[in-house]
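This report concerns only the one structure given below.
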There are 2 protein chains.
Amino acid sequence: MEAIAPAKSLVEKTYDALLDAICAGEFRPGERLGQDEVAERLNVSRQPVNSAIAMLKAQRFVIDTGRRGVIVAPVDRQLFESIYQVRSAIEPLAVELATPRISPEAIKRGREIVARGTRLMQSNDPSGVLQADIDFHTLIYELSGNAIIVDTMRLNWQHLRRSMGEVLRFPGMTFQVWKEHRAIFNAMVSGDAADAAAKMRSHITEAPRRVVREA
Amino acid sequence: MEAIAPAKSLVEKTYDALLDAICAGEFRPGERLGQDEVAERLNVSRQPVNSAIAMLKAQRFVIDTGRRGVIVAPVDRQLFESIYQVRSAIEPLAVELATPRISPEAIKRGREIVARGTRLMQSNDPSGVLQADIDFHTLIYELSGNAIIVDTMRLNWQHLRRSMGEVLRFPGMTFQVWKEHRAIFNAMVSGDAADAAAKMRSHITEAPRRVVREA
DNA sequence: TCTCGGAAACTCGTATACGAAATTCGAAAT
DNA sequence: ATTTCGAATTTCGTATACGAGTTTCCGAGA
């Protein structure tokens, strides 16, 4: 029952590869992204690379220097804070919308994610925990039935991956967070949307305080 | 004191032209968008058109048919509702953030927009009123100092333009709305962020009820 | 040694070319 | 008249080519 593979174009593959490389920190902030260089690395012509970079530019992952191509955008504390401000408003909404739409399969999947996150916490696997964090929140976005939330937050999480890659300790990297995830999800399962949303609100509001703060 | 013109590339110009044409309803939903056709119409080669369409695809303004190019996305009531759900969360936040950052020039500009919107209401100019509506909310996004809000809502308003182009009466097309705008802005000017945010919340929550509802 | 000028090399944006997939259209068969 | 099969046409995705603007580099002059 796999959704049919849409046969990605080279532009899409290039975009995905670049975005992932940037967010995983394989390209350093400020580093120049040459089209020839990327094209050779991915074994495509410059044409798909040019298109992909245009999209990354519109999404603030790279910056146009005006003269010779683009550079990887610096990791911006302002952007990080902007995203958390937005999350403080969007996440509780997503929970409200998702709670009455939760399904047995979703419950199963949610519990699996919480268990996985908690387990990876114990085995001290930062990137695994981050992925579980993303998965947990993305599950809620998808359950919300709101396509705008899904799309918007997908991009925002990519930005967050960058910020969190810089510091080893990130908001999801504590036991407290996974206790909160569990509590939020339990409230959702029990159908108490208001309680779940309130728990989510404080979850997000407290999260940035847990990050090491630096200019 | 004009910001220097960034010398837009053909890709950007093509993207802007296509987006505006789609949102203004010049291309009908479901209509095929041929690259050659667009290229000729804008006097550019297919290359910038291809890039621009790739971006529009990622932003849901056009849909890939898989076989021969793309079609203009149908105006989707679900999308409209999703955006209003998001706005119900984002707009009050934007007001909270913007209120303590308001400047004398911003006050001047805000009053000008409200006056213009009210005036165009009276002269029965729907597209002018819509533009004033967009301007009013965009001013608040910009004052919020939150780049994510600015970027996200710019795209969302383009989607809304499409929805509202379908129905002659849209949420901004009533006197009540402009009375509310004025009240919100006055609360912001007086520095009462909580009151302004509350007023904005009900402004957004009530708005969709004012639109003619149709499948 | 340091500065300056200009030529060579690089890199990007855009145009054009090419191959593959899909659609269209017409002719032959029923 | 209708259906079917395949060749011609259309159109896209991607590669390659080209022109313009920048940067780099090196040698001449101070």
Side-chain angles (χ1 to χ4, degrees), chain A residues 2-22 26-74, chain B residues 2-22 26-74:
Chain A
E2 188 60 42
I4 51 150
K8 282 191 182 173
S9 67
L10 289 191
V11 176
E12 292 171 277
K13 280 195 260 191
T14 303
Y15 170 85
D16 289 347
L18 278 179
L19 180 58
D20 190 66
I22 290 171
E26 292 170 35
F27 294 112
R28 306 303 309 171
E31 184 176 343
R32 258 197 57 218
L33 268 194
Q35 299 190 350
D36 285 316
E37 177 195 355
V38 173
E40 190 179 10
R41 178 172 163 149
L42 300 178
N43 280 313
V44 296
S45 77
R46 268 183 46 230
Q47 155 68 21
V49 176
N50 190 292
S51 287
I53 285 181
M55 299 171 83
L56 292 170
K57 206 187 306 180
Q59 296 165 347
R60 296 177 179 264
F61 291 102
V62 300
I63 292 177
D64 201 334
T65 66
R67 33 191 184 285
R68 197 174 280 196
V70 298
I71 61 172
V72 176
Chain B
E2 188 59 42
I4 52 151
K8 282 191 183 173
S9 68
L10 289 190
V11 176
E12 292 171 276
K13 281 196 260 190
T14 303
Y15 169 84
D16 289 347
L18 277 180
L19 180 57
D20 190 67
I22 290 171
E26 292 170 36
F27 294 113
R28 306 304 308 172
E31 184 176 343
R32 257 196 58 218
L33 268 194
Q35 300 190 351
D36 286 314
E37 177 196 355
V38 173
E40 190 177 11
R41 178 172 163 148
L42 300 178
N43 279 313
V44 297
S45 76
R46 268 182 46 228
Q47 155 68 19
V49 176
N50 190 293
S51 286
I53 285 180
M55 301 173 77
L56 293 170
K57 206 187 306 180
Q59 296 166 348
R60 296 178 181 264
F61 291 102
V62 300
I63 293 177
D64 201 333
T65 64
R67 33 192 183 286
R68 195 174 281 198
V70 298
I71 60 172
V72 176

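Note on naming: letters A, B, ... go to the chains in the order of the sequence lines (proteins, then strands), and numbering restarts at 1 for each one.
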Please name the pair of heavy atoms, one in [X] and one in [Y], separated by the smallest distance, quoted to 0.1 Å.
{"X": "A:R60", "Y": "A:A73", "answer": "O-CB, 3.5 Å"}
{"X": "B:I63", "Y": "B:P74", "answer": "CD1-CD, 3.5 Å"}
{"X": "A:R28", "Y": "A:V72", "answer": "O-CB, 3.5 Å"}
{"X": "A:E26", "Y": "A:E31", "answer": "O-OE1, 4.4 Å"}

Using heavy-atom distances to pick each residue's nearest nucleotide on DNA chain D, tell me which of A:R46 and B:L33 is more 5'.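 Nearer the 5' end of the strand: B:L33.
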
Roughly how far, to the nearest 0.5 Å, is [atom2] of [Y] from [atom1] of [X]?
{"X": "A:K57", "Y": "B:S9", "atom1": "NZ", "atom2": "OG", "value": "6.0 Å"}
{"X": "B:K13", "Y": "B:N43", "atom1": "NZ", "atom2": "CG", "value": "11.0 Å"}
{"X": "A:L33", "Y": "A:I71", "atom1": "CG", "atom2": "CD1", "value": "9.5 Å"}

Nucleotides bounding contact with chain B, strand DNA chain C, heavy-atom threshold 4.0 Å: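 First-to-last contact on DNA chain C, by the 4.0 Å heavy-atom rule, is C:dT14 to C:dT23.
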
For DNA chain D, determine which residues of residues 47-69 of chain A have any heavy atom closer than 4.0 angstrom to one of its atoms, and list them numerically.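 Hits under 4.0 Å, by residue number: A:Q47, A:P48, A:R67, A:R68.
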
Quick check against the 3.5 Å criterion: does A:Q59 have a side-chain atom that pairs as donor or acceptor with the backbone of A:L56?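 Checked: no pair found.
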
